[in-house]
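All chains are named by letter (A, B, ...) in the order of the sequence lines, taking the proteins before the strands, and each is independently numbered beginning at 1.
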Protein chains: 2
Amino acid sequence: MTIERLLQKLRKRDEVSDEEEKILREIIEPPRSVAPRQYLIREGEPLTRSTLLIEGIMGRYKDMRDGQRQIMELHVAGDFADLHGFTLKRLDHDVMTMTECRVSSAPHDALNYITEHYPRLTRLLWFTTNVDAAIHRVWTASLGRRDAIARLAHLVCELQQRLQLVGLASASEYGLPLTQADLAECLGLTPVHVNRVLKELRERELMTFRSGRVTIYDLPKLKRLAEFSSDYLYLDRRSS
Amino acid sequence: MTIERLLQKLRKRDEVSDEEEKILREIIEPPRSVAPRQYLIREGEPLTRSTLLIEGIMGRYKDMRDGQRQIMELHVAGDFADLHGFTLKRLDHDVMTMTECRVSSAPHDALNYITEHYPRLTRLLWFTTNVDAAIHRVWTASLGRRDAIARLAHLVCELQQRLQLVGLASASEYGLPLTQADLAECLGLTPVHVNRVLKELRERELMTFRSGRVTIYDLPKLKRLAEFSSDYLYLDRRSS
DNA sequence: CGGCGAATTGACCCGCATCAACTATCGTGG
DNA sequence: CCACGATAGTTGATGCGGGTCAATTCGCCG
């Protein structure tokens with residue numbers, strides 16, 4: 001249970017040979033625990049390794065001058081939180097644990113070695129950073145063009161899909177140990193308004209979010225409300 | 001004047017050897033012209049080549065059910081508009097010319113060849129897709145947490161910086177042949193409100209946008225208003 | 001001169017923010 | 001065991017930024 005979820009996700013998209021699996025296992029360091037609400041990476045700091053999230057939830061944050069924050073992406077088990085740091089060498093945002101997490105690292109030297117000797121695996125890792133970008137695009141569209149209720153519904157659908165992919169969600173519920181204020185920081189809303197929107201979703205009998213758990217009563221309706229399509233998560237096999 | 005601007009940008013970030021330049025030149029096909037407002041790529045369609053923008057402006061679009069659109073990124077000369085398509089094999093958005101454009105293509109087979117034989121160049125191309133993602137993140141933060149005037153100012157600063165990088169902008173002006181409605185689709189606003197915000201920027205003597213040209217009167221003040229820092233464009237040399 | 005898309009401006013409206021008070025939950029120490 | 005303090009959630013009253021609708025004007029081209 002270290003890189004299993006990562007492999008599970010990669011294999012949904014493309015084949016991973018035994019040799020590729022072996023080299024991946026070799027470069028991933030032993031996991032360690034991190035307390036909730038800890039900064040793993042600060043904006044601008046030089047990076048020499050990338051972080052694989054084994055368990056828990058992490059977020060990519062940007063701080064604004066006035067103390068407001070925007071979360072740009074949430075990470076779940078099996079995600080690299082900062083694989084883009086491998087080519088960027090520093091980040092334009094912070095990375096923080098939202099909950100208690102278990103994480104491992106992949107040294108950039110080792111990733112470099114992969115790019116020198118495993119081109120297919122390299123393309124697959126590149127692919128995963130491009131899926132992160134696709135998620136960014138959907139969030140951009142949400143913030144630009146969806147109203148508060150559709151935005152929240154979309155986030156709930158996205159996490160359902162991504163958590164299901166690694167066996168952590170069913171069609172009707174999953175654990176999401178975040179606060180309403182966290183959701184507000186994802187959605188470009190205030191905590192107060194998130195609360196009101198959750199109330200409306202509850203009253204419309206679409207879903208509830210209580211004590212760190214999402215319960216979905218009618219997923220198809222929720223998806224329709226959110227105008228959600230999972231295409232952007234690239235869950236099907238690639239031809240290449 | 002085909003891949004010159006691309007090389008110019010890449011060399012700002014890292015070295016490109018003669019051999020790497022040679023292979024890049026070989027895989028890029030001869031440029032062709034495309035009229036304004038033409039779809040180059042439609043969401044979901046299978047891709048076998050990636051598009052290098054030689055001249056003009058292109059945009060990445062998402063359409064919403066109700067006919068609204070959100071632009072997720074603008075591309076300028078020297079950008080690959082869909083290099084992410086190389087690993088994704090289809091896109092989650094449309095790509096459209098905003099102006100008359102000159103474009104070339106790089107077949108995915110040839111890019112594959114690069115990943116097999118030129119790991120350093122591969123990392124550099126991977127890097128450029130990660131910068132696109134960084135741009136997405138900044139737009140996300142803009143839409144989530146900046147008000148209309150700061151959002152518009154930020155976009156103007158970003159384009160100034162990116163166009164300057166390829167020699168198409170000075171500190172005080174650059175050509176930007178878009179309509180106010182185009183800007184609205186970037187900024188998650190209505191054309192009417194973009195108009196009002198432009199008026200305010202004019203009256204505060206920060207900048208003007210008229211007949212396809214941005215004129216900046218006070219770039220430092222504009223950057224302060226926008227809370228703009230160019231860090232996310234990764235313009236400095238990487239250590240790797 | 002006429003036509004058409006883009007820009008401009010005014011009047012009015014609404015979704016979400018703001019401010020403030022109150023409740024619920026839970027861990028901690030006396 | 002209860003008092004407490006802290007954090008999260010809930011609700012109401014009010015205000016504002018940006019949307020909507022509609023009428024003009026501008027600029028360009030035929």
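Using cut-offs of 30° and 60° for the angle between ring planes, the A:Phe127 and A:Tyr234 rings count as perpendicular.
Within 3.5 Å, no donor on the side chain of B:Arg196 pairs with an acceptor on the base of D:dG17, nor the reverse.
For B:Arg202, whose side chain is taken as the heavy atoms from C-beta onward, the closest listed nucleotide among D:dG12, C:dT8, D:dA8 is C:dT8. For B:Val192, counting side-chain heavy atoms from C-beta on, the closest listed nucleotide (C:dA6, D:dT11, C:dG10) is C:dG10. Nearest nucleotide to the A:Asp147 side chain, out of D:dG12, C:dC16, D:dG19: C:dC16. Closest to the side chain of B:Arg151, from the set C:dA20, D:dG18, D:dA8, is D:dG18.
Residue B:Gly188 is in sugar-phosphate contact alone, with no base atom involved, counting any heavy-atom pair closer than 4.0 Å across all strands shown. Contacts of A:Leu189 with the nucleic acid, taken as non-hydrogen atoms under 4.0 Å apart, involve only primed sugar atoms and P, OP1 or OP2. Across all strands, B:Val197 comes closer than 4.0 Å to no nucleic acid atom at all (heavy-atom distances).
Taking atom CG of B:Leu178 as the reference point, atom C1' of C:dA7 lies 15 Å away to the nearest angstrom. Whole-Å rounding puts the A:Ile149 CD1 to C:dC14 C1' distance at 16 Å. Distance CG (A:Leu143) to P (D:dG18): 14 Å, rounded to an integer number of Å. Following rounding to the nearest Å, B:Asn195 (CG) and D:dC21 (C1') show an atom-to-atom distance of 15 Å. Computed from coordinates, the B:Arg146 CZ to D:dG17 P distance equals 18 Å when rounded to whole Å. Summarising the geometry, the separation between CD on A:Glu185 and P on D:dA8 is reported as 11 Å, rounded to the nearest angstrom. Across the protein-nucleic acid pair, A:Leu152 atom CG and D:dG9 atom P stand 13 Å apart, rounded to whole Å. Distance, A:Arg145 CZ to D:dG18 P: 13 Å, rounded to whole Å.
In terms of position along DNA chain D, the nucleotide closest to A:Ala181 lies nearer the 5' end than the nucleotide closest to the other residue of the pair A:Ala181 and B:His193.
Contact annotation: A:Lys199 side-chain N/O to D:dT10 OP1/OP2 distance is not under 4.0 Å. In this model, the phosphate group of D:dG19 is approached by a side-chain N or O of B:Thr190 to a distance below 4.0 Å at OP1 or OP2. The phosphate of D:dT7 has neither OP1 nor OP2 within less than 4.0 Å of any side-chain N or O from A:Gln180.
Nearest heavy atom pair, residue B:Leu183 against residue B:Phe209, reads CD1-CE2, 3.8 Å.
In this structure the side chain of A:Phe80 never reaches within 4.5 angstrom of the side chain of A:Thr129, judged on heavy atoms.
Residues B:Phe228 and B:His154 bring their aromatic ring centres within 6.0 Å.
Looking at B:Gln161, B:Glu158, B:His136 one by one, the single match for side-chain hydrogen bond (donor to acceptor under 3.5 Å, both in side chains) with B:Tyr232 turns out to be B:Glu158.
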